[in-house]
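All values derive from a computational prediction rather than experimental measurement. Throughout, protein chains are lettered first and strands after them, A, B, ... in sequence-line order, and every chain is numbered starting at 1. Atom set for the values below is all heavy atoms of this structure, side chains included, hydrogens, waters and symmetry mates excluded.
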Amino acid sequence: MKIASWNVNSLKVRLEHVLQWLESAQPDVLALQETKMTDDVFPQTAIEAAGYQVVYAGQKTYNGVAIIAKDQPKDMITDIPDLGDPQRRILAATVNDVRIIDLYVVNGSAPGTEKFTYKLNWLDKVTRFIEQQMAQFDDVVVLGDFNIAPDDRDVHDPDKWHEKILCTTEERQALNRILDLGLQDSFRLLHDDAGLFSWWDYRMNGFVRGLGLRIDLVLCSDEMSEAVTAAYIDDEPRKWERPSDHTPVITEFYW
DNA sequence: ATGGTCGATCGTCGA
């Protein structure tokens, strides 16, 4: 089973990229973030024509998540207890008996801002939701744009980014509280290397210069970690014309 | 140098 995550930064602009990537990579599951469109204009027909099923939760202009899968995603959840947040950042669904939780984590702007506080509160509520889901489902994958670089290996210039947004101790502690529920960062099961990134800022020619962060993650429950056969980042789509600023991250399991 | 580039939308915000 091949499970991937990709922040597409507007599915309207990136639909052809997604279709091309589905055809070449043939994932069983592709979780999208930042579709930036309402459900009534979601390109369901085009995705189904490519041989996939899809569920989605979108809004105008901002956010938006979707789960594309060869098997029909079932039992979807878009709203979680106590959050009271209309933003479409969360989508849980079951695919091939694996509970998939697709997250577009709040960016947080900068430490000390209201948005940063909101990010930490949002992560706290989501952590409780994941805990509940893990109590209900045997196999859980939590993936998406976490907007957190787990440690300094995931940062091109750790000194420059020290305690900056996406790299603060508080954000990393919040991520660790999710991992402490019994989840693994699947990429780190197989790779110790620094300097492997999933996002590069559009500005300053960041991709060509390697000015990236690894903020897109595929977490799997501890029991699933034994079954991970590959975990990697496909930076090819970041080289395509008019790319998203993120590129797909992929984890493969032997069943 | 605290910049820069995108996307949605149409002046400006979010990332």
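For the pair A:L91 and A:V55, the tightest heavy-atom approach, listed with the atom from each and the gap, is CD2-O, 3.6 Å. Across A:P111 and A:K164, no two heavy atoms sit closer than the pair CG-C, 4.3 Å.
Residues A:D216 and A:S198 bring a donor and an acceptor atom of their side chains to less than 3.5 Å of each other. A donor-acceptor contact under 3.5 angstrom links the side chains of A:Y56 and A:Q44, judged on distance only.
Using P as the reference atom, B:dT12 and B:dA1 are 28 Å apart when rounded to the nearest Å.
Taking atom CG of A:L211 as the reference point, atom P of B:dG3 lies 17 Å away to the nearest angstrom. Between A:K60 atom NZ and B:dG14 atom P the separation is 16 Å, expressed in whole Å. Between the CG atom of A:D216 and the P atom of B:dA15 there is a distance of 15 Å, rounded to whole Å. Atom CG in A:D245 sits roughly 8 Å away from atom C1' in B:dC6 (whole-Å rounding). With rounding to whole Å, A:N9 atom CG is found 11 Å from B:dC6 atom P. The separation between A:D145 atom CG and B:dG14 atom C1' is 13 Å, rounded to whole Å. As rounded to whole Å, 20 Å separates atom P of B:dG14 from atom CD of A:Q33. When the C1' atom of B:dA15 is taken as reference, atom OH of A:Y118 falls 15 Å away, rounded to whole Å.
Residue-level contact check: A:R14 touches the backbone only, with heavy atoms under 4.0 Å from sugar-phosphate atoms and none from bases.
For the segment residues 200-207 of chain A, the set of residues with a heavy atom within less than 4.0 Å of an atom of DNA chain B comprises A:Y202, A:R203, A:M204, in numerical order.
Looking at A:R14, its side chain does come within 3.5 Å of a backbone N or O of A:V8 through a donor-acceptor pair.
Positionally, the nearest nucleotide of DNA chain B for A:K160 lies more toward the 5' end than for the other of A:K115 and A:K160. Map A:T35 and A:Y62 each onto its nearest nucleotide of DNA chain B; the residue landing nearer the 5' end is A:T35.
Annotation for A:E23: atom CD does not count as buried by contact number, only 12 or fewer foreign heavy atoms lying within 6.0 Å. Heavy atoms of other residues, nucleotides or ligands lying less than 6.0 angstrom from CD of A:E114 number 12 at most.
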